[in-house]
K.L.:
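Here it is, the structure in full.
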Amino acid sequence: MNAPAKAGIRPELTIKRIFDAPRTLVYACWTDEDHTKHWFFPKDFTVPFAESDIRPGGRYRSCLRAPDGTDHWVGGVYRELVPPEKIVFTHAWQDEAGNAEHETLVTITLKDLGGDRTELTFHQAYFLSEASREGHAGGWNETFDELQGYLAGKVAGR
């Protein structure tokens with residue numbers, strides 16, 4: 001069971017990653033379904049269902065199937081898209097009917113480091129507990145590992 005956050009403290013998650021890929025490609029990987037279907041899930045998960053309307057105000061919804069066969073539904077609304085610099089969307093776990101639990105806000109910023117390298121800063125706020133934040137940290141880091149592998153293949157021309 002998740003421990004509740006201390007009164008007045010709202011857990012947040014920030015992850016930074018550097019990718020050996022141009023910023024425009026990293027941005028496209030987040031905003032083009034032809035890319036997202038190849039990497040947007042934690043390690044060993046599959047995505048039997050995904051739909052998205054990638055524009056400000058557009059919604060997305062996906063089913064992430066865990067290795068044990070458990071389905072995890074997630075969805076949200078795109079709030080802001082600033083090519084190729086920033087993506088803001090809500091994120092909420094849902095039941096199969098689409099009823100959402102606690103909603104968080106995800107902000108992704110991309111910085112061009114030169115030499116076809118991109119720094120990604122991921123920020124998610126706010127969680128109901130420290131345990132929830134830590135669980136998300138593990139899932140997002142695995143997802144970013146998938147993105148790293150996908151980008152390496154794209155840069156190599158695969």
Side-chain angles (χ1 to χ4, degrees), residues 1-19 21 23 26-33 35-82 84-111 118-152:
M1 182 54 103
N2 291 345
K6 294 178 184 170
I9 298 174
R10 302 175 75 190
E12 302 175 38
L13 173 64
T14 300
I15 300 170
K16 287 190 180 243
R17 287 282 187 107
I18 295 174
F19 297 101
R23 183 170 61 163
V26 177
Y27 183 85
C29 283
W30 284 90
T31 58
D32 183 330
E33 289 181 332
H35 291 297
T36 57
K37 66 184 178 186
H38 296 287
W39 69 270
F40 200 67
F41 41 81
K43 183 177 185 245
D44 298 327
F45 278 63
T46 59
V47 182
F49 174 84
E51 65 182 10
S52 60
D53 179 13
I54 304 173
R55 61 179 175 81
R59 296 186 171 279
Y60 71 94
R61 187 160 193 259
S62 299
C63 176
L64 306 177
R65 183 162 292 152
D68 67 2
T70 306
D71 289 340
H72 303 272
W73 291 86
V74 64
V77 176
Y78 291 96
R79 295 276 177 88
E80 185 178 2
L81 298 165
V82 182
E85 300 172 6
K86 186 176 183 183
I87 304 162
V88 180
F89 58 91
T90 62
H91 177 281
W93 295 109
Q94 303 176 342
D95 64 20
E96 194 167 334
N99 300 305
E101 297 178 1
H102 176 72
E103 185 175 83
T104 59
L105 186 65
V106 173
T107 302
I108 296 163
T109 53
L110 302 173
K111 180 179 176 184
T118 301
E119 179 184 81
L120 178 148
T121 302
F122 171 92
H123 181 259
Q124 187 172 9
Y126 294 97
F127 294 97
L128 295 176
S129 69
E130 299 285 338
S132 179
R133 178 183 67 188
E134 295 310 310
H136 281 81
W140 282 116
N141 274 304
E142 288 183 8
T143 300
F144 295 148
D145 290 345
E146 296 292 324
L147 176 59
Q148 181 78 40
Y150 179 73
L151 284 167

K.L.:
Does any non-hydrogen side-chain atom of P56 lie less than 4.5 Å from one of E80?
P.N.:
no
K.L.:
Any sub-3.5 Å donor-acceptor pair from T31's side-chain atoms to Y27's backbone N or O?
P.N.:
yes
K.L.:
Ignoring hydrogens, what is the shortest heavy-atom contact between R10 and Y126? Give both atom names and the distance.
P.N.:
CB-CD2, 3.3 Å
K.L.:
In terms of the angle between their ring planes, are H35 and Y150 parallel, tilted or perpendicular, with boundaries placed at 30° and 60°?
P.N.:
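H35 vs Y150 ring planes: perpendicular.
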K.L.:
Any side-chain heavy-atom pair from Y78 and R55 closer than 4.5 angstrom?
P.N.:
no
K.L.:
For the residue pair F89 and W30, does the interplanar ring angle fall in the parallel (under 30°), tilted (30 to 60°) or perpendicular (over 60°) class?
P.N.:
tilted
K.L.:
Would you say the side-chain atoms of T90 pair up with the backbone N or O of V77, donor to acceptor, closer than 3.5 Å?
P.N.:
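Flag set: sc T90 to bb V77 pair under 3.5 Å.
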K.L.:
Would a 4.5 Å heavy-atom cut-off, applied to side chains only, mark D53 and Y60 as touching?
P.N.:
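Not in contact.
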K.L.:
Going by salt bridge (Lys or Arg N to Asp or Glu O under 4.0 Å), name the residues that satisfy it together with R61, two or more places apart in sequence or in a different chain.
P.N.:
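Checked R61 against salt bridge (Lys or Arg N to Asp or Glu O under 4.0 Å); zero matches.
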K.L.:
Tell me, do L64 and P42 make a side-chain contact under 4.5 Å, heavy atoms counted?
P.N.:
yes
K.L.:
Parallel, tilted or perpendicular, judged at 30° and 60°: which one describes the rings of H72 and W93?
P.N.:
perpendicular
K.L.:
Measure the shortest side-chain to side-chain distance between R65 and F45 over non-hydrogen atoms and say whether it is less than 4.5 angstrom.
P.N.:
no
K.L.:
Counting only pairs under 3.5 Å, give me each side-chain donor-acceptor contact of residues 138-145, with atom names and distances, residues two or more places apart or in other chains.
P.N.:
residue : atom : partner : partner atom : Å
W140    : NE1  : Q124    : OE1          : 2.9
N141    : OD1  : R17     : NH2          : 3.3
N141    : ND2  : A137    : O            : 2.9
E142    : OE1  : K43     : N            : 3.2
T143    : OG1  : G139    : O            : 2.8
D145    : OD1  : R17     : NH1          : 3.1
D145    : OD1  : R17     : NH2          : 2.9

K.L.:
Using the rule given for side-chain contact (heavy atoms from CB on, under 4.5 Å), can you reason through F122 versus T14, listing the C-alpha separation, both sets of side-chain angles and the distance that settles it, and then say yes or no?
P.N.:
CA-CA 5 Å; F122 171 92; T14 300; over 6 Å; no
K.L.:
Considering the options E134, H123, H136, which one meets the side chain to side chain contact (heavy atoms under 4.5 Å, CB included) requirement together with L13?
P.N.:
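The residue from E134, H123, H136 that satisfies side chain to side chain contact (heavy atoms under 4.5 Å, CB included) with L13 turns out to be H136.
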K.L.:
With a 4.5 Å heavy-atom cut-off, do C29 and T36 have their side chains touching?
P.N.:
no
K.L.:
Looking at side-chain heavy atoms only, is the closest gap between L110 and E85 below 4.5 Å?
P.N.:
no
K.L.:
Quick one: side-chain contact (heavy atoms from CB on, under 4.5 Å) partners of T109, sequence neighbours excluded?
P.N.:
K86, T107, T121
